[in-house]
**Student:** 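Mind having a look at this structure? Questions to follow.
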2 protein chains.
Amino acid sequence: MSATSQAQYKARSRIIKALAHPTRLFIVDELSRGERCVRELTELIGVEMPTVSRHLSLLRNVGIVEDEKRGAQVFYRLRRLCIRKFLECIETMQTNSQGTDSL
Amino acid sequence: MSATSQAQYKARSRIIKALAHPTRLFIVDELSRGERCVRELTELIGVEMPTVSRHLSLLRNVGIVEDEKRGAQVFYRLRRLCIRKFLECIETMQTNSQGTDSL
DNA sequence: TGCACAATTCGCCAATTGGCTAACTGGCTC
DNA sequence: GAGCCAGTTAGCCAATTGGCGAATTGTGCA
């Protein structure tokens with residue numbers, strides 16, 4: 001594997017890794033229905049706000065969401081709508097997965 | 001978030017997590033061109049065989065690849081071709097990502 | 001100014017990940 | 001059977017992840 005293609009795979013995995021968490025998948029799903037502020041998401045998810053905030057900043061860093069401050073609140077929304085198609089593929093795959101994962 | 005939908009998000013993230021690694025992305029890419037045995041992949045990737053073997057078993061456990069023993073060798077191939085579309089979306093996103101990820 | 005609320009950042013910690021080497025299993029050939 | 005090659009499993013370890021509470025920053029309002 002060449003150094004350049006290795007960098008390519010690393011860049012892609014960075015984006016995929018951002019989606020590889022139940023809470024962040026939920027956030028993406030929720031934001032696909034419209035923008036939400038951090039407090040709203042926190043209430044829906046059921047973990048502490050600092051945790052949600054970090055999930056959001058991670059999604060922002062890879063370009064999946066963007067934020068906008070309005071007063072004391074920060075609203076987040078999706079930047080890449082193609083994520084929906086992406087998730088559809090996962091859903092179809094989901095029905096056929098089996099076994100345990102151990103790594 | 002309800003318990004059932006939380007289980008749904010967890011199941012999906014399990015599949016996405018399987019793809020969230022440069023080496024495993026490379027494997028999927030390589031297998032999209034045809035089946036390969038573990039030794040072939042090991043030479044292409046440049047890490048030790050046990051490591052490659054574990055990446056492969058993880059991909060198998062979530063249903064992305066399947067294996068077939070032929071003599072002393074084990075050949076792997078893709079089970080879900082829709083992965084390609086999945087990755088195309090990532091590639092387009094890739095060009096627009098910025099910033100650092102720290103979580 | 002002072003208080004309350006929204007959000008982020010900082011330390012801390014337990015659990016997971018991903019690499020390695022060593023050991024083990026199974027097939028093929030001499 | 002002995003030796004070799006392909007592959008997996010096991011044990012170890014460093015680095016990362018993801019949660020929490022505490023502390024900090026910033027905005028709006030009385």
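The sequence lines fix the lettering, A, B, ..., with proteins before strands; numbering per chain opens at 1. Since we're looking at a predicted model, the values are computed, not measured.
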**Student:** Rounded to whole angstrom units, what separation is found between the CD1 atom of A:Ile27 and the C1' atom of C:dA7?
**Tutor:**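 These atoms are roughly 14 Å apart.
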
**Student:** Could you tell me whether the side chain of A:Arg24 and the main chain of B:Ser13 form a donor-acceptor pair under 3.5 Å?
**Tutor:**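 Checked: no pair found.
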
**Student:** Could you tell me whether the side chain of B:Asp29 and the main chain of B:Leu25 form a donor-acceptor pair under 3.5 Å?
**Tutor:**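 Not a single qualifying donor-acceptor pair exists.
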
**Student:** What nucleotide, of D:dT9, D:dT17, C:dT17, holds the atom closest to the side chain of A:Lys17?
**Tutor:**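 From the listed options, D:dT17 comes nearest.
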
**Student:** Going by the rule side chain to side chain contact (heavy atoms under 4.5 Å, CB included), which residues pair with A:Arg39 if we only count those two or more places apart in sequence or in a different chain?
**Tutor:**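 With sequence neighbours excluded, A:Arg39 shows a side chain to side chain contact (heavy atoms under 4.5 Å, CB included) to A:Cys37, A:Glu43, A:Met49, A:Gln73, given in chain and number order.
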
**Student:** Is B:His21 close enough to C:dG19 that one of its side-chain N or O atoms is under 4.0 Å from OP1 or OP2 there?
**Tutor:**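 So the side chain of B:His21 is within the cut-off, an N or O lying under 4.0 Å from OP1 or OP2 of C:dG19.
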
**Student:** Would you kindly give the NZ-to-C1' distance between A:Lys10 and D:dT16, to the nearest whole Å?
**Tutor:**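 Whole-Å distance recorded here is 13 Å.
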
**Student:** Quick one: is D:dG19 close enough that its OP1 or OP2 comes under 4.0 Å of any side-chain N or O from A:Thr51?
**Tutor:**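 A:Thr51 to D:dG19 OP1/OP2: no side-chain N or O under 4.0 Å.
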
**Student:** Quick one, which residues of residues 66-77 of chain B touch DNA chain D with a heavy atom under 4.0 Å?
**Tutor:**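 Heavy-atom contacts with DNA chain D come from B:Ala72, B:Gln73, B:Val74, B:Tyr76.
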
**Student:** Is it true that B:Val65 and B:Val74 fall in one hydrophobic cluster, defined by side-chain heavy atoms closer than 4.5 Å?
**Tutor:**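 In one cluster: yes.
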
**Student:** CG of B:Asn61 versus C1' of C:dT16: gap in Å, rounded?
**Tutor:**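 Taking atom C1' of C:dT16 as the reference, CG of B:Asn61 is at 16 Å.
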
**Student:** Between A:Pro50 and B:Pro50, which residue's closest nucleotide on DNA chain D lies nearer the 5′ terminus?
**Tutor:**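 Going by which nucleotide is closer to the 5' end, it is B:Pro50.
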
**Student:** Under the side chain to side chain contact (heavy atoms under 4.5 Å, CB included) test, which residues partner A:Ser53, sequence neighbours left out?
**Tutor:**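 So A:Ser53 forms no side chain to side chain contact (heavy atoms under 4.5 Å, CB included) with any residue.
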
**Student:** Please list, chain by chain and in numerical order, all residues satisfying salt bridge (Lys or Arg N to Asp or Glu O under 4.0 Å) with A:Glu35, sequence neighbours excluded.
**Tutor:**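 Result, salt bridge (Lys or Arg N to Asp or Glu O under 4.0 Å) vs A:Glu35: A:Arg70, A:Arg77.
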
**Student:** For residues B:Tyr76 and B:Leu59, determine if any side-chain heavy atom of one lies less than 4.5 Å from a side-chain heavy atom of the other.
**Tutor:**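 The answer is no, as the side chains (C-beta and beyond) never meet within the 4.5 Å cut-off.
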
**Student:** Give, ordered by number, those residues of residues 35-45 of chain B having at least one heavy-atom distance below 4.0 Å to an atom of DNA chain C; if nothing qualifies, reply none.
**Tutor:**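 Those residues: none at all.
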
**Student:** Determine the contact category for B:Val52: base if any of its heavy atoms lies under 4.0 Å from a base atom, sugar-phosphate if only primed atoms, P, OP1 or OP2 are that close, otherwise nothing.
**Tutor:**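 B:Val52: no heavy atom of the nucleic acid under 4.0 Å.
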
**Student:** Round to the nearest Å and state the distance from B:Leu58 atom CG to D:dT9 atom P.
**Tutor:**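 So the two atoms are 12 Å apart, to the nearest Å.
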
**Student:** Would you kindly give the CE-to-P distance between B:Met49 and D:dA10, to the nearest whole Å?
**Tutor:**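 It is 18 Å, rounded to the nearest whole Å.
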
**Student:** Can you name the nearest heavy-atom pair linking B:Val52 to B:Ile45, along with the distance?
**Tutor:**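 Result for this residue pair: CG2-CD1, 4.2 Å.
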
**Student:** Of all heavy-atom pairs between B:Ile64 and B:Ala18, which one has the smallest distance, and what is that distance?
**Tutor:**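 Result for this residue pair: CD1-CB, 4.1 Å.
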
**Student:** Please determine whether a side-chain nitrogen or oxygen atom of A:His55 lies at a distance below 4.0 Å from atom OP1 or OP2 of D:dG19.
**Tutor:**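 So the side-chain polar atoms of A:His55 do come within 4.0 Å of the phosphate oxygens OP1 or OP2 of D:dG19, strictly under.
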
**Student:** Mind calculating the distance between CG (B:Leu56) and C1' (D:dT8) to the nearest angstrom?
**Tutor:**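 Those two atoms, CG and C1', are 11 Å apart.
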
**Student:** Determine whether a donor-acceptor pair (N or O, by modelled atom type, separation under 3.5 Å) exists between the side chain of B:Arg36 and the backbone of B:Leu41.
**Tutor:**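 Side chain of B:Arg36 to backbone of B:Leu41, a donor-acceptor pair under 3.5 Å: no, none is there.
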
**Student:** Would you mind checking if A:Arg60 and A:Glu66 are paired as a salt bridge, meaning a charged N to carboxylate O distance below 4.0 Å?
**Tutor:**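 No, no charged N to carboxylate O under 4.0 Å.
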
**Student:** Distance from A:Phe75 atom CZ to A:Asp67 atom CG, nearest 0.5 Å?
**Tutor:**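 A:Phe75 atom CZ to A:Asp67 atom CG measures 11.5 Å (nearest 0.5 Å).
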
**Student:** Using the C1' atoms of five pairs at each end, what's the angle between the two axes of the helix from C:dT1-D:dA30 to C:dC30-D:dG1, to 10 degrees?
**Tutor:**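 End-to-end axis angle for the helix from C:dT1-D:dA30 to C:dC30-D:dG1: 10°, rounded to 10°.
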
**Student:** Starting the side chain at C-beta, find the nucleotide from C:dA6, C:dA22, C:dC20 nearest to B:Val47.
**Tutor:**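 So the nucleotide nearest the side chain must be C:dC20.
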
**Student:** CD of B:Gln6 versus C1' of D:dG18: gap in Å, rounded?
**Tutor:**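 For the pair B:Gln6 CD and D:dG18 C1', the rounded distance is 14 Å.
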
**Student:** Please report, rounded to the nearest Å, how far the C1' atom of D:dA23 is from the CZ atom of A:Arg54.
**Tutor:**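 Value for this atom pair: 15 Å.
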
